[in-house]
Amino acid sequence: MPSAKLKNQLHLHFLVFIAGFTAILGELITIKAVALVWYRMAIATIIIFAYVKISRVKLKINLKALLKLSVAGVIIALHWITFFGAIDASNISITLAMFSTGAFFASFIEPIIYKRNIVWYEILFGIIVIVGVCVITQSQIKYLTGILLGISSAFLSSLFAVLNGSYLKRHTATVISFYEFVSGVLFISLYMLCFGDGFSVDFFSISKIDFFYLFILASICTAYAFIASVYVMKVISPYTVVLTYNLEPVYGIVMAIILFPEKEKMTASFYYGAIIIIAIVVLNAILKHSRKLKRAST
């Protein structure tokens, strides 16, 4: 029988695979990014609410916490809209390569949120990542809109992750996810009513295959993945979790090449740039871990 730690390691890689598969579903679903995210968050909210009722999780929080989680919910909604928008404007490989820059946005966001000094190598790594992005952009200039949306998505994801890191000290993943998803649905609903076509008949006229993919996206890739990742961290160190999640673009790009070989076939320069970005992201995580070990030993 495998040990509990091995089971959780395998579980963690399954969660990373799911994260990479999100981009595949974004390519398969035919509706636009805003509607896609509305459905994703709405279905995930219903699933988490059912889980809350079955598990008897208490959802009561104060007004200040509600406002903070609502802001985070808007940020995650915008992150997903720009993420799927990037896939529509370019392809999965471009989007995931740009999404890898998120770790370096976090390196600059964390010092602001947690009021700590910026580490010198984070600046150096940030410059190298920019070089990687430039290599990709020069060779794939036709996907400039997708590249810009992908970078925006990475920034919003990093901001969301840093904020959520502080919220997890006070609330459970279930409570956080529920209020963030509710606020995300409300935000997108208001946007569509004020600036879009609203909730027309066409909005709710989606194909059976689209609904099937949306349900997988909302249930397995969202509700389950959000809650399960926190439980994994009870057994596996946060460093290992973060480092493993850096493999998400690798898993996603490999799956995209296998499933959509015609659309995902890229130039050699793209892969050079992607390797630069992903390698630096992994190296950054390793150095951060070594710094923590040194501080712990002193």
Side-chain angles (χ1 to χ4, degrees), residues 9 12-24 26-27 79 82-110 119-158 161 239-291:
Q9 288 277 7
L12 175 58
H13 277 277
F14 177 63
L15 291 174
V16 178
F17 173 82
I18 288 174
F21 193 69
T22 297
I24 304 297
E27 178 68 32
H79 153 59
T82 51
F83 180 80
F84 291 115
I87 293 175
D88 290 340
S90 55
N91 60 22
I92 295 170
S93 297
I94 290 286
T95 302
L96 289 177
M98 295 303 103
F99 186 67
S100 300
T101 63
F104 296 96
F105 285 120
S107 296
F108 293 98
I109 294 170
E110 277 185 19
V119 182
W120 68 267
Y121 67 75
E122 292 177 341
I123 298 174
L124 175 62
F125 286 173
I127 293 171
I128 297 173
V129 166
I130 291 171
V131 171
V133 171
C134 289
V135 170
I136 291 174
T137 304
Q138 286 182 341
S139 64
Q140 305 295 332
I141 194 65
K142 63 180 179 179
Y143 294 132
L144 182 60
T145 300
I147 289 169
L148 294 175
L149 284 171
I151 293 172
S152 300
S153 177
F155 170 77
L156 291 165
S157 175
S158 300
Y239 158 74
T240 303
V241 173
V242 172
L243 183 62
T244 307
Y245 262 94
N246 287 326
L247 295 172
E248 176 188 343
V250 179
Y251 286 176
I253 290 171
V254 169
M255 283 188 283
I257 293 171
I258 294 171
L259 295 173
F260 311 108
E262 293 299 321
K263 189 173 182 180
E264 298 296 326
K265 189 176 181 181
M266 310 297 289
T267 64
S269 296
F270 165 80
Y271 294 107
Y272 295 149
I275 289 169
I276 289 171
I277 295 169
I278 294 170
I280 291 297
V281 168
V282 174
L283 180 58
N284 179 59
I286 292 171
L287 287 177
K288 271 187 166 57
H289 180 57
S290 64
R291 282 171 60 86

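Below, each value reflects all heavy atoms present in this structure, side chains not excepted, and no hydrogens, waters or symmetry copies. Note that the structure is a prediction, hence the values are computed from the model and not measured.
Heavy-atom minimum distance, S93 versus E264: OG-OE1, 2.6 Å. Residues G150 and A86 share a closest heavy-atom pair of N-CB, 3.7 Å. Closest of all the heavy-atom pairs between F270 and A97 is CE1-CB, 3.8 Å. Smallest separation of non-hydrogen atoms from T145 and A89: CG2-CB, 4.0 Å. Scanning both residues, F105 and S158, for their nearest heavy atoms gives CB-OG, 3.6 Å. Listed here is the closest heavy atom pair of M255 and F21: CE-N, 3.5 Å.
Taking CD1 of I24 as the reference point, atom CD1 of I258 lies at 9.0 Å (rounded to 0.5 Å). With rounding to the nearest 0.5 Å, the separation of CD1 in I94 from CD1 in I136 is 6.0 Å. With rounding to the nearest 0.5 angstrom, the OG1 atom of T95 is 11.0 Å from the CD1 atom of I151. Atom CG of L149 is separated from atom OH of Y143 by 14.5 Å, given to the nearest 0.5 angstrom. In this structure, CD1 in I257 is found 9.5 Å from CG in N91, a value given to the nearest 0.5 Å. With values rounded to the nearest 0.5 angstrom, I87 atom CD1 is found 4.5 Å from F83 atom CZ.
Under the side chain to side chain donor-acceptor pair (under 3.5 Å) criterion, S157 pairs with no residue, sequence neighbours left out. With sequence neighbours excluded, the residues that form a side chain to side chain donor-acceptor pair (under 3.5 Å) with T267 are Q140.
In this pair, H79 and F99 present their aromatic rings parallel. The plane angle is below 30°, not in the 30 to 60° band. In this structure, F14 and F17 have parallel ring planes: the angle between them is below the 30° cut-off, well short of the 60° mark.
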Let me see the working for Y251 and L96 under side chain to side chain contact (heavy atoms under 4.5 Å, CB included), right down to the final yes or no. CA-CA 10 Å; Y251 286 176; L96 289 177; over 6 Å; no

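A donor-acceptor pair is defined here as one N or O able to donate and one able to accept, closer than 3.5 Å; such a pair exists between the side chain of S152 and the backbone of L148.
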